[in-house]
*Asks:* 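This is the structure I have questions about; it appears just below.
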Amino acid sequence: MKIIEAKNYEEMSRIASEKVQACIIENIQLNLGLATGSTPIGLYKHLISSNKKGDVSFRNVTTFNLDEYVKLSQTDPNSYRYFMNEELFNHVDIDKNNTHVPNGEATDLDQECLDYENKIREAGGIDLQILGIGANGHIGFNEPGTSFQSRTQIVKLDEQTREANSRFFDSMDDVPTHAITTGIGTIMDSKEIILLISGSAKKEAYERLINGEVSEEFPASVLQNHSNCIVIVDKESIS
Ligand code: F6R
C-alpha cells in the first residue's frame, strides 16, 4: 500500500483525478470502478472539468459502481444511480449504457447480485477501482465481519453507517436498512485501487488502516494485501 499525503481535500482530489486520467489515456477502454459519498465529489469535479477542456474522454470508458441501496428507485435523489448521474455521468461524454450501478429495485435481488458480478467478469474485471472508507473501516458496503472472499451480495447496513448516511435523508427511518454491494473479493480483484480518505471522522480509520492488523473486523485492512493500492489522504482534515 502506497500512501500519498495530500495537504488538503483539493490536492487529494486533484492527485486522484490526474491518476484516473493517466489510466484512461493509457487504456481508453478502461473499466473504472466508482464510489459514491462525499469523499470522491472533488475528484468527479476535476474529471468533469478535464473532460470539458478536452484533456480526457470517457467515450470508451465503462464504469461499475460499488453499491446501491435496496428498494430505492433510480430516480430517488438518494439513490446512488441518481448521485452518479448528477455528480459525474450527466456532465461528461460517457455513454450511459456503459455505466453500471447495481439495481436495488430488482425483483430477484440474489439474481441481480450474480448478474452484476458476472457483468464485471465478462467486461474483463475492474482496471482501476476508486474507494472511500467508512469510519468503521467499511469499503463498498462491506461492513466489519464481512469475509475477505465475499462477492456481490445483499448486506444489512450497520447502524453507524445508517447514522452517517442519514445526513442525506429526511429522517433516520427513511435510511435504507439494506444494500447491494460488490464484495471484498470483487474489490481485491481490481488491478489497481485508489482509496481516498478525508474528514475528521476518518482519523481513527486511517490510523487503523496504516498501523493495524489485517482483520475482517476492519474490512479496509485487506488493502494491505493488494499489490497495487494507493491511499491518498487529505492530511488537513485528518490531523
Ligand atoms: C459508497 C461507498 C462507501 C463510502 C463510505 C465513505 O459507494 O462505497 O464505502 O465510500 O461510506 O463515505 P463518505 O465519502 O461519504 O464519507
Side-chain angles (χ1 to χ4, degrees), residues 6 8-10 12-13 16 32-45 63-70 72 74 76-89 99-104 113 116 120 126 128-146 150-169 175-188 190 193-206 208-209 218-223 229-234 236-238:
N8 53 29
Y9 182 78
E10 169 57 22
M12 177 196 78
S13 305
L32 181 59
L34 296 173
T36 57
S38 309
T39 312
I41 288 178
L43 158 64
Y44 297 154
K45 284 196 186 346
T63 65
F64 290 93
N65 264 79
L66 285 166
D67 41 20
E68 179 59 285
Y69 290 117
V70 163
L72 279 200
Q74 299 187 353
D76 187 307
N78 282 313
S79 77
Y80 285 172
R81 161 54 77 179
Y82 189 96
F83 174 100
M84 287 312 303
N85 287 345
E86 288 290 306
E87 300 296 338
L88 182 65
F89 303 150
T99 67
H100 306 282
V101 180
N103 177 9
C113 293
Y116 200 73
I120 294 174
I126 304 289
L128 174 64
Q129 175 68 58
I130 306 298
L131 293 178
I133 185 173
N136 63 3
H138 73 221
I139 47 175
F141 269 138
N142 296 291
E143 301 285 23
T146 306
S150 61
R151 294 280 150 189
T152 304
Q153 60 176 338
I154 307 296
V155 292
K156 187 171 179 334
L157 300 178
D158 265 15
E159 281 313 294
Q160 189 188 356
T161 301
R162 291 186 67 237
E163 257 162 51
N165 291 2
S166 65
R167 64 192 193 275
F168 301 112
F169 292 81
V175 186
T177 54
H178 290 77
I180 298 186
T181 181
T182 54
I184 295 183
T186 325
I187 293 170
M188 286 296 280
S190 310
I193 296 177
I194 296 177
L195 169 64
L196 301 176
I197 307 186
S198 175
S200 54
K202 308 293 172 63
K203 192 173 163 39
E204 274 174 40
Y206 177 57
R208 204 166 159 187
L209 175 72
F218 191 74
S221 63
V222 74
L223 298 172
C229 175
I230 303 174
V231 177
I232 311 178
V233 57
D234 155 14
E236 183 179 73
S237 73
I238 293 282

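In this chain, residues are counted from 1 in sequence order. Indexing begins at 1, ligand by ligand and atom by atom, following the structure's order. All values reported here derive from a predicted model rather than from experimental measurement.
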*Asks:* With respect to atom 6 (C) of ligand 1, which of T39, T181, I133, T182 exhibits the smallest heavy-atom separation?
*Replies:* I133

*Asks:* Can you name the residues that form a ring pair (Phe, Tyr, Trp, His ring centres under 6.0 Å) with Y69, not counting sequence neighbours?
*Replies:*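 Y69 satisfies ring pair (Phe, Tyr, Trp, His ring centres under 6.0 Å) with Y80, F141, F169 only.
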
*Asks:* State the atoms of ligand 1, each with its element, that fall below the 4.0 Å cut-off from a heavy-atom position in G37.
*Replies:* 14 (O), 15 (O)

*Asks:* If you have a sec, work out which protein heavy atom is nearest atom 15 (O) of ligand 1 and how many Å separate them, to one decimal?
*Replies:*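 Closest protein heavy atom to atom 15 (O) of ligand 1: S38 N, 2.8 Å.
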
*Asks:* Could you check whether any side-chain heavy atom of T146 comes within less than 4.5 Å of a side-chain heavy atom of V155, counting everything from C-beta outward?
*Replies:* no

*Asks:* Which atom pair, heavy atoms only, marks the closest approach of L34 to Q129?
*Replies:* N-NE2, 3.7 Å

*Asks:* Considering heavy atoms of the protein only, find what lies nearest to atom 10 (O) of ligand 1 and give residue, atom and distance to 0.1 Å.
*Replies:*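 It is G132 CA, 3.3 Å.
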
*Asks:* Going by ring pair (Phe, Tyr, Trp, His ring centres under 6.0 Å), name the residues that satisfy it together with F168, two or more places apart in sequence or in a different chain.
*Replies:* none

*Asks:* Would you mind checking which non-hydrogen protein atom is closest to atom 1 (C) of ligand 1, with the distance to 0.1 Å?
*Replies:* T36 OG1, 3.1 Å

*Asks:* Among E68, H138, M84, whose heavy atom sits nearest atom 11 (O) of ligand 1?
*Replies:* H138

*Asks:* At their closest point, which heavy atom of A35 faces which heavy atom of G132, and how far apart are they?
*Replies:*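 Closest pair (atom of A35, atom of G132, distance): CB-N, 4.2 Å.
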
*Asks:* Of all the atoms in ligand 1, which lie at a distance below 4.0 Å from a heavy atom belonging to R167?
*Replies:* 15 (O)

*Asks:* Hey, which atoms in ligand 1 end up nearer than 4.0 Å to a heavy atom of K202?
*Replies:* 6 (C), 13 (P), 16 (O)

*Asks:* Using a 4.0 Å cut-off to any heavy atom of L66, which atoms of ligand 1 qualify?
*Replies:* 8 (O)

*Asks:* Closest non-hydrogen protein atom to atom 2 (C) of ligand 1, residue and atom name please, with distance?
*Replies:*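 For this ligand atom, the closest protein heavy atom is D67 OD2, 3.4 Å.
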
*Asks:* Considering all heavy atoms of both residues, which atom of I184 and which atom of S150 are nearest to each other, and what is their separation?
*Replies:*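 Smallest interatomic distance, heavy atoms only, reads N-OG, 2.9 Å.
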
*Asks:* Less than 3.5 Å between some nitrogen or oxygen of G140 and one of ligand 1, yes or no?
*Replies:*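 By distance alone, the answer is yes.
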
*Asks:* side-chain contact (heavy atoms from CB on, under 4.5 Å) with D67: which of T182, I180, T36?
*Replies:* T36

*Asks:* Return the minimal non-hydrogen interatomic distance between A135 and A201, and the atom names on each side.
*Replies:*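 Smallest heavy-atom distance, with atoms named: CB-O, 3.6 Å.
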
